[in-house]
**Student:** 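The structure is given below, and queries will be raised subsequently.
Any value given below was found using the heavy atoms of this structure, including those in side chains, with hydrogens, waters and symmetry copies removed. Throughout, numbering of the chain's residues begins at 1 and tracks the sequence. Since we're looking at a predicted model, the values are computed, not measured.
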Amino acid sequence: MNDMEIKEFQQAEAQEVKEGVHGYSSETNWVKPENPITLERLEWFKDQKLALMMHWGPYSQIEVESWILSDEDGDWARKDVDWTSDYEEMKREYFGLNRTFNPFRFQPELWAEIAAEGGFKYLIFTTKHHDGFCMWDTHTTNYRITGSETPFHAHRYADVCKHVFDAFRSKGLAIATYFSKADWQSPYYWAQGMERGRDTWRGPSYSPEEYPWLWEQFVDFTHEQIMELMTRYGRIDILWLDAGWVKDGDLVKQDIRLGEVVERARQTQPWLLSADRTVGGPYENYVTPEQTIPQRPLNVPWESCITIGTQWAFKYDDQYKSGRELVRILMEVVSKGGNLALNVGPQPDGRLPAGAIKSIKELGAWMKVYGEAVYGTRVCRPYFAGSCAFTSKGNTVYCTYLYESADEAVSKVVHIPYQEPVSGIELVGSDALLQVERTPEGISITLPNCELNGQAPIAHVFRMQKGEEAK
């Protein structure tokens, strides 16, 4: 590949991943699975609505993720690298973080309890980020949580993935394994002495077409790691694949023969969903907007991954979204037909940040009362309109009327832009009778006096039954 072709490819990749935030696949690139089990599992997936995502690894010690290793992405990824201007030394320091990563306060059972209290239905856990550090007891590399250089390797919870997965399953949560298809520590991907020299980018340091024997070693390495996770760690519901630039196509062809390993995994885990992010095709069973919510409902299964704080990895002075903010985000996502994956980065000592726990518990308290308007629902016009998020379940339509802040004035009369006939309306969480009036714009509901006292709630949720209205 000549310099011009490399530049063109890098520009195309920069559009796919801008400052670490991935775009998401078009609906037109989604391929409906032919396997009836996969179709059934997609309906299961659409029922779940809420996932807890976790980015955790040695990088939690320095508050920045592995993107700082990529020279191509240094202009944005290294803005918080304030301890050196020697980036080759920085890379060596980064890859040496395994030697100081010792999360001795890690309590997987407590994590799982907090997740269950928060109303989460499945976990997305980073088994391996782009830096190649493995959070399970892999046999493919010593760059792992159970490796001899990592001080945590002798701890009773050293095989982090095993203990996290077991703890969360015991609380009824499903498991998704986040796995980066790129591996910047692997000598089969960032191979030393190749044409790119020390000028790293997010792709391989060589052309797979020019060095097919080396690329095959990387493919075998990747397949073996995935199959370890799929065969040694119990039931896995979703294989959540990051590094969308690792694919067959474009100017740098990086075909890891994903279909081959997914189908192998499905021999053991026939229910497995595959989320091959930003790639499209038969193994991106659902699409994954990142740090954003689509402007309109999508006609394919989807899941927005959004941070509870401001970044994916743990940050000491991070600011966490309130329970009120999380409910608003959740209801916009769900009303447009998606799931929401909320990310928290655990601390380097193994604890969850107190600010994140507070927000999760606020969300969970709300979901305990109003979860019926979320779980198992499907889209309903007018979806997300003004302060209203609409969802449906059978002949029941829910309108979640959201308040921006506790200081917002609660009006005696609430206006809902719903035009379809309804036979009855109830206020979820209350036995009070409601006065209802049909208007040209929709429905006006007079709230009982007890709802007008004190601060504004996060939301009022109305349960409406479809049917002929009384004359």
Side-chain angles (χ1 to χ4, degrees), residues 41-53 114-124 168 171-174 176 237-238 286 288-289 292-294 296-298 300-308 321-344 359-404 414 416 418 422 425-430 457-466:
R41 292 304 291 172
L42 282 174
E43 290 303 309
W44 164 86
F45 169 79
K46 289 189 286 187
D47 285 342
Q48 306 311 300
K49 303 305 182 190
L50 188 58
L52 180 64
M53 191 176 203
I114 292 169
E117 185 178 349
F120 296 100
K121 294 299 183 182
Y122 61 108
L123 169 73
I124 306 171
F168 277 71
K171 293 296 182 180
L173 278 77
D237 297 275
I238 301 167
Y286 64 86
T288 55
T292 190
I293 303 171
R296 58 172 180 79
L298 302 182
V300 300
W302 62 279
E303 167 197 86
S304 273
C305 48
I306 294 176
T307 53
I308 298 178
K321 298 175 180 67
S322 67
R324 184 181 297 270
E325 291 175 289
L326 296 181
V327 169
R328 174 169 283 272
I329 292 169
L330 172 65
M331 294 315 301
E332 181 174 357
V333 167
V334 172
S335 67
K336 293 178 179 178
N339 286 11
L340 175 62
L342 289 172
N343 180 85
V344 59
S359 298
I360 287 170
K361 289 188 174 185
E362 289 173 357
L363 173 62
W366 190 87
M367 290 290 284
K368 189 173 182 179
V369 179
Y370 303 107
E372 65 176 275
V374 180
Y375 303 122
T377 60
R378 295 295 184 267
V379 294
C380 175
R381 293 181 185 275
Y383 314 118
F384 191 75
S387 299
C388 297
F390 292 89
T391 54
S392 67
K393 190 184 298 179
N395 288 322
T396 302
V397 173
Y398 296 94
C399 174
T400 302
Y401 190 94
L402 298 152
Y403 295 91
E404 290 280 359
V414 174
I416 295 177
Y418 187 73
V422 295
I425 300 179
E426 300 170 299
L427 181 62
V428 177
S430 171
I458 290 176
H460 281 117
V461 179
F462 300 101
R463 185 192 300 115
M464 305 185 291
Q465 297 301 321
K466 298 178 184 178

**Student:** Can you tell me how far CG of Leu42 sits from CG of Asp47, rounded to the nearest 0.5 angstrom?
**Tutor:**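 The CG atom of Leu42 is 11.0 Å from CG of Asp47, to the nearest 0.5 Å.
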
**Student:** Give me the atom names and distance for the closest heavy-atom approach of Glu404 to Arg324.
**Tutor:** O-CD, 3.2 Å

**Student:** With a 4.5 Å heavy-atom cut-off, do Glu117 and Lys361 have their side chains touching?
**Tutor:** yes

**Student:** Within the structure provided, determine whether Phe168 and Phe120 are in side-chain contact (heavy-atom separation under 4.5 Å).
**Tutor:** no

**Student:** Who passes ring-ring contact (aromatic ring centres under 6.0 Å, His included) against Tyr401, sequence neighbours left out?
**Tutor:** Tyr403

**Student:** Are the side chains of Trp302 and Thr288 in touch, meaning some heavy atoms are under 4.5 Å apart?
**Tutor:**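 No, their side chains stay 4.5 Å or more apart.
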
**Student:** Any side-chain heavy atom of Glu303 within less than 4.5 Å of one from Ile124?
**Tutor:**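 SC-SC contact between Glu303 and Ile124 confirmed.
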
**Student:** Using the side chain to side chain contact (heavy atoms under 4.5 Å, CB included) criterion, which residues pair with Lys368? Sequence neighbours excluded.
**Tutor:** none

**Student:** Spell out, as yes or no, whether a donor-acceptor pair under 3.5 Å connects the side chain of Lys321 to the backbone of Thr307.
**Tutor:**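 Checked: pair present.
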
**Student:** Identify the heavy atoms of Ser392 and Val379 that sit nearest to each other, and give their distance.
**Tutor:**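 What the structure gives for the nearest pair is OG-O, 3.4 Å.
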
**Student:** So, does Arg296 use its side chain to make a donor-acceptor pair with the main chain of Lys336 at under 3.5 Å?
**Tutor:**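 Answer holds: no.
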
**Student:** Any donor and acceptor pair, going by atom type alone, linking the side chain of Ser335 with main-chain N or O of Thr391 inside 3.5 Å?
**Tutor:**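 Checked: no pair found.
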
**Student:** Within the 4.5 Å heavy-atom criterion, are Cys380 and Cys399 side-chain neighbours or not?
**Tutor:** no

**Student:** Within the 4.5 Å heavy-atom criterion, are Thr377 and Val334 side-chain neighbours or not?
**Tutor:** yes

**Student:** For Tyr398, is there any backbone N or O sitting under 3.5 Å from a side-chain donor or acceptor partner on Lys393?
**Tutor:**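 Absent.
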
**Student:** Report yes if the side chains of Leu342 and Leu326 come closer than 4.5 Å at any heavy-atom pair, otherwise no.
**Tutor:** yes

**Student:** So, taking the atom named CD1 in Ile360 and the one named CD1 in Ile308, what distance separates them when rounded to the nearest 0.5 Å?
**Tutor:**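 Taking CD1 in Ile360 and CD1 in Ile308, the distance rounds to 4.0 Å.
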
**Student:** Should Asp237 and Arg41 count as an ion pair when the cut-off is N to O under 4.0 Å?
**Tutor:**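 Arg41 and Asp237: salt-bridged.
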
**Student:** Is there side-chain contact between Lys466 and Thr396, with at least one heavy-atom pair below 4.5 Å?
**Tutor:**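 No, too far: nothing below the 4.5 Å cut-off.
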
**Student:** Does the pair Leu340 and Ile329 meet the rule for a side-chain contact (heavy atoms from CB on, under 4.5 Å), with working shown?
**Tutor:** CA-CA 8 Å; Leu340 175 62; Ile329 292 169; 3.9 Å; yes

**Student:** Under the side chain to side chain contact (heavy atoms under 4.5 Å, CB included) rule, collect the residues that match up with Thr400, sequence neighbours excluded.
**Tutor:** Met331, Trp366, Ala373, Ala389, Leu402, Ala459, Val461

**Student:** Verify the neighbour count for atom CZ of Arg378: are there more than 12 heavy atoms of other residues, nucleotides or ligands below 6.0 Å?
**Tutor:** yes

**Student:** If you measure from CZ on Arg463 to CG on Leu427, what distance do you get to the nearest 0.5 Å?
**Tutor:**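 Atom-to-atom, Arg463:CZ and Leu427:CG are 9.0 Å apart.
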
**Student:** Of all the heavy-atom pairs spanning Ser359 and Ser322, show the shortest one and how long it is.
**Tutor:**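 That would be OG-CA, 4.1 Å.
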
**Student:** If you measure from CD on Glu332 to CG on Leu330, what distance do you get to the nearest 0.5 Å?
**Tutor:** 10.5 Å

**Student:** How far does CE of Met464 sit from CZ of Phe390, to the nearest 0.5 angstrom?
**Tutor:** 5.5 Å

**Student:** Walk me through it: do Phe462 and Val414 pass the test side-chain contact (heavy atoms from CB on, under 4.5 Å)?
**Tutor:** CA-CA 11 Å; Phe462 300 101; Val414 174; 4.2 Å; yes

**Student:** Give me the atom names and distance for the closest heavy-atom approach of Lys171 to Ala116.
**Tutor:**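 Distance-wise, the nearest heavy atoms are CB-CB, 4.2 Å.
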
**Student:** To the nearest 0.5 Å, what is the distance between OH on Tyr122 and CG on Leu50?
**Tutor:** 8.0 Å

**Student:** Quick one: does any side-chain atom of Tyr375 pair with a main-chain N or O of Gly119 as donor and acceptor, under 3.5 Å?
**Tutor:**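 Between the backbone of Gly119 and the side chain of Tyr375 there is a qualifying donor-acceptor contact (under 3.5 Å).
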
**Student:** Just by distance, no angles: are the side chains of Asn339 and Tyr286 close enough, under 3.5 Å, to form a donor-acceptor pair?
**Tutor:**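 No, no side-chain donor-acceptor pair sits under 3.5 Å.
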
**Student:** Is Glu325 salt-bridged to Arg328, going by a charged N under 4.0 Å from an acidic O?
**Tutor:**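 Result for this pair is no, no salt bridge flagged.
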
